Structure formats: structure tokens, C-alpha cells
Amino acid sequence: MRARTRGYWLYLVPSLLLFLAVIVVPFLMNVGASFTRWSGVGTPRWIGLGNYARLLEDERFWESFQHNVGLIVAMAVVPTAIGLVLAAALFDYIGKRFGARTASALRATYYLPQVLPVAVAGVVWGWMLHPSYGAVNQIFGLDLDWLGDPDLALATVMAVMVWFQLGYPVVIFMAGLQRVDPAYYEAAEIDGASWWRKFWHITIPQIRPEIFVVLLTCTIAALKVFGPIFVLTRGGPGNATMVPSYFSYLNFFQKANVGYGSAIATVLALIIIVVTFLFLRVQERDA
């Protein structure tokens with residue numbers, strides 16, 4: 001058995017080399033740069049923990065993490081909750097009443113935003129939310145600057161991200177419902193359970209592993225979100241929609257402060273690792 005399995009490792013070598021070249025080595029170089037003061041040109045100057053000490057006192061850095069909490073709600077919590085209800089309705093009600101093809105078509109419709117490039121979706125939403133000729137203001141008779149008003153910008157981006165992220169949990173949950181034993185639902189129907197009781201006491205417990213996967217992957221996506229912010233608001237107006245990934249980008253490429261940008265990216269990576277570890281521990285405990 002060992003002789004046979006030893007050959008399988010050869011097929012993993014290309015992936016391991018790619019993982020080292022694309023992820024491990026750049027990450028270690030980023031960590032090294034975070035201990036320096038460097039403009040990207042010339043020789044970096046070692047400053048130890050100076051960038052991290054600066055982070056602790058940087059209000060923009062902490063404010064960007066506060067905005068990230070809102071995006072976690074918009075990209076993980078809300079899509080998961082809505083996606084559970086939609087997936088259960090498509091699988092248990094629409095599928096049985098109108099057929100599997102109708103349910104599949106609706107599922108594909110919800111998933112369509114995930115297929116669209118972030119840049120394309122962001123540009124289209126920028127047009128729709130434009131204060132002068134945007135479709136949203138025209139349809140509802142409003143005169144709001146959705147992305148230009150500091151009081152509205154973050155909430156608007158959150159709403160767009162709910163739309164963008166919703167299809168992913170719907171697809172995952174509908175796949176999870178495929179493995180649930182129909183006998184549970186049949187027994188509940190015989191006992192006279194309502195749809196909501198079946199949803200709460202059968203659907204949610206049975207697809208708990210899928211719920212953990214969706215919450216984890218969506219939370220990570222929210223923590224490192226960059227594309228929508230770049231396309232829609234560039235972190236503005238002011239710092240109303242600034243997030244750590246975009247704040248790191250600003251220091252890297254606009255302020256030529258590579259060391260500080262590396263420190264921000266390192267802290268963000270460590271937070272993602274800790275969040276992933278905590279999610280996995282909770283999942284193991286509930287398994």
C-alpha cells in the first residue's frame with residue numbers, strides 16, 4: 001500500500017510548487033517588507049516593529065476594520081440567512097409545485113451575479129446609482145447621491161454586496177438539501193408540521209456543515225474584499241467605505257509606502273487565519 005500511495009505524491013508536486021511560488025514565498029516577502037521603511041525603489045531600511053506600532057495609532061486603519069464588520073454582515077450573515085430560506089423554498093416548494101426545471105432556472109438566476117466580473121457588475125451598479133441619471137433615482141423619484149454621500153455610501157455598498165453574494169449560498173444549500181433523507185419531511189408532514197417548522201427543525205440541522213462552509217468562505221471574502229470597493233467608491237467619499245485591503249493598496253501604490261502597506265496586509269492575513277481556525281474549531285465541536 002505504501003509503495004502504491006508513494007506514487008500519488010508525484011501528482012501533487014506541481015501544485016505544491018505553484019502554491020510555494022504564488023502564496024508562500026510572496027507572503028514571507030510581504031512579512032519581511034512589513035519590518036522595513038521602503039518606497040519600492042532602492043534598499044529597504046529596517047525599522048523593526050515601527051509599522052505595527054504606527055498601525056495601533058492609525059485611526060483610518062481601525063475605521064477600515066469597522067467598515068469590514070459591516071461588509072461581513074452584508075456578504076456573510078445576510079446572504080446566508082436569505083439563502084437558506086430561498087434554497088429551502090426552491091427545493092421544497094417551487095421544485096415540487098412547478099418542477100425541477102423551474103427551480104434550476106431560478107437558482108441560475110440568483111447565481112448569475114457570481115459569474116459576472118466584479119468590474120462589470122460594479123460599473124453597471126455605478127450607472128444605476130448615479131445621482132443625475134441613475135435608474136434607481138429615476139424609478140423611485142429620488143434625488144440621492146448613493147455612493148457620494150458619506151452617510152449612504154457604506155450602506156449602499158453593503159446592499160450591492162448582498163445582491164452580488166446571494167447566489168453562492170443558494171447553490172450550496174440546494175446541493176446540501178439533495179442529501180437530506182425525504183423521510184424526515186414526510187414524517188413531519190404526517191404530524192402536521194408547517195413549512196417553517198420543517199425548515200427550522202429539519203432543514204437547518206441537516207445542512208449545518210454547508211452553513212459553516214458558506215459562513216467561513218463568505219467571511220473570508222468580506223475580510224479581503226477589494227474589487228467592489230475599487231470600482232464603486234475607491235474607499236470614499238472621504239473614508240466612508242475604506243477597508244483594510246484597499247487601505248493597504250493605497251499605501252503600496254499611491255503613497256509608495258510599501259513597508260506600511262505590507263504591515264496592513266500581514267495583519268489582515270493573520271486575522272483571516274485566526275477566523276478560519278475559530279470557524280473550524282466550532283465546526284469540529286458541533287460535528
Side-chain angles (χ1 to χ4, degrees), residues 59-87 89-90 94 105-171 214 217-255 268:
E59 293 183 0
R60 294 184 67 188
F61 174 73
W62 294 110
E63 187 181 10
S64 69
F65 270 106
Q66 293 176 6
H67 298 157
N68 235 343
V69 173
L71 289 175
I72 290 174
V73 173
M75 296 180 65
V77 179
V78 174
T80 299
I82 299 176
L84 274 170
V85 177
L86 285 176
L90 289 173
I94 302 295
L106 290 172
R107 178 181 60 189
T109 302
Y110 289 125
Y111 192 72
L112 182 61
Q114 289 280 306
V115 180
L116 293 174
V118 173
V120 174
V123 169
V124 172
W125 272 105
W127 291 341
M128 293 173 61
L129 296 169
H130 195 276
S132 300
Y133 53 78
V136 175
N137 279 347
Q138 295 291 330
I139 292 173
F140 295 102
L142 301 173
D143 186 21
L144 297 175
D145 190 355
W146 297 97
L147 297 173
D149 187 338
D151 296 327
L152 294 175
L154 182 60
T156 302
V157 172
M158 289 171 62
V160 172
M161 295 314 300
V162 170
W163 169 86
F164 186 82
Q165 199 73 12
L166 182 59
Y168 171 68
V170 170
V171 170
V214 168
T217 53
C218 290
T219 300
I220 292 173
L223 285 171
K224 62 185 184 68
V225 66
F226 175 81
I229 299 297
F230 180 83
V231 176
L232 288 171
T233 63
R234 304 291 176 94
N239 296 317
T241 59
M242 184 67 68
V243 292
S245 58
Y246 192 78
F247 190 35
S248 177
Y249 163 82
L250 286 179
N251 282 277
F252 263 109
F253 298 104
Q254 292 192 14
K255 298 182 179 180
L268 182 59

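These numbers come from a predicted model, not from an experiment.
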Pair up each side-chain donor or acceptor in residues 68-84 with any protein partner under 3.5 Å, not counting sequence neighbours, and list the distances.
residue: Asn68; atom: ND2; partner: Leu223; partner atom: O; Å: 3.2
residue: Thr80; atom: OG1; partner: Ala76; partner atom: O; Å: 2.5

Item to check | Partner set under side-chain hydrogen bond (donor to acceptor under 3.5 Å, both in side chains) for Thr217, not counting sequence neighbours | outcome: Tyr168

Next on the checklist: Restricting to non-hydrogen atoms, name the atom on Val118 and the atom on Phe164 that form the minimum distance, rounded to 0.1 Å.
Outcome noted: CG2-CZ, 3.8 Å

Item to check | Of all pairs that satisfy side chain to side chain donor-acceptor pair (under 3.5 Å), the ones with a partner from residues 112-121, not counting sequence neighbours | outcome: none

Checklist entry - What pair of heavy atoms forms the shortest contact from Pro150 to Pro237, and how long is it? => result N-CG, 3.6 Å

Checklist outcome for this item: Asn239 meets the side-chain hydrogen bond (donor to acceptor under 3.5 Å, both in side chains) criterion, sequence neighbours left out, with Arg60

Checklist entry - Who are the ring-ring contact (aromatic ring centres under 6.0 Å, His included) partners of Tyr133, not counting sequence neighbours? => result His130

Item to check | With sequence neighbours excluded, residues passing side chain to side chain contact (heavy atoms under 4.5 Å, CB included) with Thr233 | outcome: Leu147, Val157, Ile229, Thr241

Checklist entry - Looking at residues at least two apart in the chain, or sitting in another chain, which of them share a ring-ring contact (aromatic ring centres under 6.0 Å, His included) with Trp163? => result Trp125

Item to check | Residues forming a side-chain hydrogen bond (donor to acceptor under 3.5 Å, both in side chains) with Tyr110, sequence neighbours excluded | outcome: none

Next on the checklist: Given 3.5 Å as the limit, does a donor-acceptor pair link the side chain of His67 with the main chain of Met242, or not?
Outcome noted: yes

Checklist entry - Who pairs with Asn137 by side-chain hydrogen bond (donor to acceptor under 3.5 Å, both in side chains), at least two apart in sequence or on another chain? => result Trp146

Checklist entry - Side chains of Leu166 and Leu86: closer than 4.5 Å at any heavy-atom pair? => result yes

Next on the checklist: Does anything in residues 219-250 form a ring-ring contact (aromatic ring centres under 6.0 Å, His included)? List the pairs, not counting sequence neighbours.
Outcome noted: Phe226-Phe230, Phe226-Tyr246, Phe226-Tyr249, Phe230-Tyr249, Tyr246-Tyr249, Tyr249-Phe253

Checklist entry - Does Ser248 use its side chain to pair, donor to acceptor, with the backbone of Ser245 at less than 3.5 Å? => result no

Next on the checklist: So, taking the atom named CG in Leu144 and the one named CG in Asp151, what distance separates them when rounded to the nearest 0.5 Å?
Outcome noted: 11.0 Å

Next on the checklist: With a 6.0 Å cut-off (strictly less than), is the heavy-atom count around CD of Gln254, excluding the residue itself, greater than 12?
Outcome noted: yes

Checklist entry - Roughly how far, to the nearest 0.5 Å, is CD of Gln138 from CG of Asp143? => result 9.5 Å

